[in-house]
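Beneath this line is the structure, given in structure tokens, with notes to follow.
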2 protein chains.
Amino acid sequence: MTVTIRQIAEKAGVSRGTVDRVLNGRPGVKPQIRERIMAIAHELNYVPNMAAKALALNKNPVKFGVVMPPKEIAFFGEVRSGITAAAEELKDFGIAVEYRYVDNRRPEEGAAAIGQLIGEGVSGILVSLMDDELIRARINDAAAQGIPVVTFNSDVGESKRVCFVGQDLYRSGQIAAGLMRRMLRGKARVLVLASSMSFQAHRSRVNGFRDVLSGTEMEIVQLIQSYDRYADTHSQVSDALARHTDLDGIYMATGDVAGCLDAVMRAGLGGKLRMVCNDLLPEVEQWLRQGLIDFTIMQNPLRQGYTSLRIMYDLIFSGKRPESEYLYTETSIIIPECLERNP
Amino acid sequence: MTVTIRQIAEKAGVSRGTVDRVLNGRPGVKPQIRERIMAIAHELNYVPNMAAKALALNKNPVKFGVVMPPKEIAFFGEVRSGITAAAEELKDFGIAVEYRYVDNRRPEEGAAAIGQLIGEGVSGILVSLMDDELIRARINDAAAQGIPVVTFNSDVGESKRVCFVGQDLYRSGQIAAGLMRRMLRGKARVLVLASSMSFQAHRSRVNGFRDVLSGTEMEIVQLIQSYDRYADTHSQVSDALARHTDLDGIYMATGDVAGCLDAVMRAGLGGKLRMVCNDLLPEVEQWLRQGLIDFTIMQNPLRQGYTSLRIMYDLIFSGKRPESEYLYTETSIIIPECLERNP
DNA sequence: CTGAAAGCGCTAACAG
DNA sequence: CTGTTAGCGCTTTCAG
């Protein structure tokens, strides 16, 4: 029924060892034989048996490296749980995972970590780091040595990574707009808050939001960039609230949610404006429950972690390349009723 | 590092074969020895190696049975995809899956299918059938013979199934109420549509909805039960619309969405009432896009299928019982912006 | 009731 | 460059 390496060997008139070499791209086989074996494998529709592979690899498991921000940051803790969940499932299947936690504000740290992992002979690397020249260079180094890299949660654009696993930011902007529309029917005026439009990643959400609203009577009265700084956010939002007294809602695409909310409260507008933000930081959960924020749009950090490791596993063990360069994890709409713990 | 069956054997002064018998509850070992081996296994913290198990089982894989409505029903097609996805991942790990598609309106068919699978010697059964006495009896038969049963998507209450994998219906009702509140602030009057309140499953959603609204100024003006019949739904909703001219929204907990929507359209109220329903049938997708329905609350059929098979696998292969009797899959809030296929 | 041995499909180390 | 061999940890005969 299922075709094995041995059958290929017999049909090709060579030994299992040789077939193994060919199938795993190891050196030291005459090109002719190599081709013949490949042809036969193809013809017979050979699919390697994972269990057997795993068992044989048991002694020196394949090592994967992970470089990410410290797991103490709540969000990344979740991501890591996803990775460990996948690792747990695959524990018996010949893999080991090596984590490196780095300060994401210091690209040289991340780059160094990647370099180290390459040195240690890992077979693949998962990377969640800022989009920086140093990082990109190391990713390309790895790729050049045949070590696949998968970026997760935040992509490193233009690099030679195999794929990116994370949120579709543009879509999350679209969804935010859809929610606003459903709350504010017809003519309405909204404020948009972003940390900075100069990064592609930050722009995407705003673009998604804008594109959906462009077909409606709703209007974006102002776009605030406050670089994630509380004081900056607070003062800019306060100004905007004073200027646009007829405001109906605020979309916090990125940036400091606390600064924005405090400004709204101080202006005595708590609960009067429709507010949509992203992710589920503890403060946000509070505000959601209090009705100060209406919706938050969430990434699924757990699945981001889980998926990235599985992708890497499938890539290394079955040579299965991901279906697309961008693997978007679901983004979900959250209201407090989603969070209740029911009996 | 990792402890093997052989180490246990050595420590106990018996052969690997005996240890295997004990660890897998096979008969034919003296109670004393059995206990001693168990003790040592415990002490050494033995965890079986899945890959090895799988490989050894390769010749006669463990068979799982699945009894469910025909996969031609869109929803169940999705569920099945989840099951096959899990089966695919586990293909090399010593399992095979046998499907039986039955007409869910005829419990005797389902019961017969379960009986057959038991006869064929499956090691576990996944069941998605109506909550009926015949089904319950067969599930209990299986359980009595030591064959674990997992129900998915729709539970069979009071049966000896190991656990249920599916949606938290009460919560989906809560979420619906939460969405209504966000669209209709303050005083508002809503209609609730259900197919029948005499089944626990159908009641749950309505209860969740009602419980959330009970703390607010919103009011349920009427609860319609129309038993999933189009004509019935259409006429009852039409009547209700005529009677309650100040209606603000409709929650379709279960029941015939088409009948309800047609009545609303005919009354000239298309787009004027806030509407929330469940699941994503093709018609619903249409109406969502047209703005006739505001939100739909979705189960994740794919994950329901995937999870049930994994649960069964873990149960059989590692003896790991699920954490709870109820394994709820995420329920997500859908607006058309969630469905756009972006470039 | 228990032990010994063969084998699941693949890899790796050592010979040739 | 290629073949041979000895496992990986567990299950499953077949003897005893």
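Each chain gets a letter, A, B and so on, in the order the sequences are listed, and its residues count up from 1. Quick caveat: nothing in here was measured; it's all calculated off a predicted structure.
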Look at the side chain of [X] and decide which nucleotide, out of [options], has an atom nearest to it.
{"X": "A:Ile33", "options": "D:dT12, C:dT2, D:dT2", "answer": "D:dT2"}
{"X": "B:Lys30", "options": "C:dC1, D:dT12, C:dG9", "answer": "C:dC1"}
{"X": "B:Ile5", "options": "D:dC8, C:dG3, D:dC10", "answer": "D:dC10"}
{"X": "A:Val14", "options": "C:dG9, D:dG3, D:dG9", "answer": "D:dG3"}
{"X": "A:Pro48", "options": "C:dA12, C:dC10, C:dC8", "answer": "C:dC10"}
{"X": "B:Thr4", "options": "C:dT2, C:dC10, D:dG9", "answer": "D:dG9"}
{"X": "B:Ala56", "options": "C:dC10, C:dG3, D:dG9", "answer": "D:dG9"}
{"X": "B:Arg21", "options": "C:dC8, C:dC10, D:dT13", "answer": "D:dT13"}

Pick base, sugar-phosphate or nothing for [X], based on heavy-atom distances below 4.0 Å to the nucleic acid.
{"X": "A:Arg34", "result": "nothing"}
{"X": "B:Tyr46", "result": "sugar-phosphate"}
{"X": "A:Phe317", "result": "nothing"}
{"X": "B:Asp92", "result": "nothing"}

Pairing donors with acceptors under 3.5 angstrom, does anything connect the side chains of B:Thr18 and B:Ser15?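 Per modelled atom types, B:Thr18 and B:Ser15 side chains form a pair under 3.5 Å.
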More 5' along DNA chain C: A:Asn60 or A:Ala52, using each one's nearest nucleotide?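 Looking at the nearest nucleotide for each, A:Ala52 comes out on the 5' side.
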On the nucleotide D:dG3, are OP1 or OP2 found under 4.0 Å from the side-chain N or O atoms that A:Thr18 carries?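 Looking at the OP1 and OP2 atoms of D:dG3, one of them is under 4.0 Å from a side-chain N or O of A:Thr18.
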Between [N] atom [atom2] and [X] atom [atom1], what is the distance in whole Å?
{"X": "B:Asn58", "N": "C:dC10", "atom1": "CG", "atom2": "C1'", "answer": "12 Å"}
{"X": "A:Leu55", "N": "C:dC8", "atom1": "CG", "atom2": "P", "answer": "13 Å"}
{"X": "B:Arg26", "N": "D:dT13", "atom1": "CZ", "atom2": "C1'", "answer": "12 Å"}
{"X": "A:Asn49", "N": "C:dG9", "atom1": "CG", "atom2": "C1'", "answer": "6 Å"}
{"X": "A:Leu57", "N": "C:dA13", "atom1": "CG", "atom2": "P", "answer": "11 Å"}
{"X": "A:Arg16", "N": "D:dT5", "atom1": "CZ", "atom2": "C1'", "answer": "9 Å"}
{"X": "B:Gln7", "N": "D:dC10", "atom1": "CD", "atom2": "C1'", "answer": "14 Å"}
{"X": "B:Arg6", "N": "C:dG3", "atom1": "CZ", "atom2": "P", "answer": "14 Å"}

Name all residues meeting the side chain to side chain contact (heavy atoms under 4.5 Å, CB included) criterion together with A:Asp155; count only those two or more places apart in sequence or in a different chain, and write none if there are none.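 Once residues adjacent in sequence are excluded, the partners of A:Asp155 under the side chain to side chain contact (heavy atoms under 4.5 Å, CB included) criterion are A:Thr151, A:Arg161, A:Phe164, A:Tyr326.
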Taking the six-membered ring for Trp, are the ring centroids of A:Phe93 and B:Phe93 within less than 6.0 Å of each other?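 A:Phe93 vs B:Phe93: aromatic centres under 6.0 Å.
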Please say whether more than 12 non-hydrogen atoms of neighbouring residues, nucleotides or ligands are located less than 6.0 Å from CD in A:Gln32.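 Counting other residues, nucleotides and ligands, CD of A:Gln32 stays at 12 neighbours or fewer.
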Above 12 or not: heavy atoms from other molecules or residues under 6.0 Å from CZ of B:Arg26?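 Yes, the 6.0 Å shell around CZ holds more than 12 heavy atoms from other groups.
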Note: B:Glu330-A:Arg303 ion pair, threshold 4.0 Å (strictly below):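 Between A:Arg303 and B:Glu330 there is no salt bridge, as every charged N stays at least 4.0 Å from the carboxylate O atoms.
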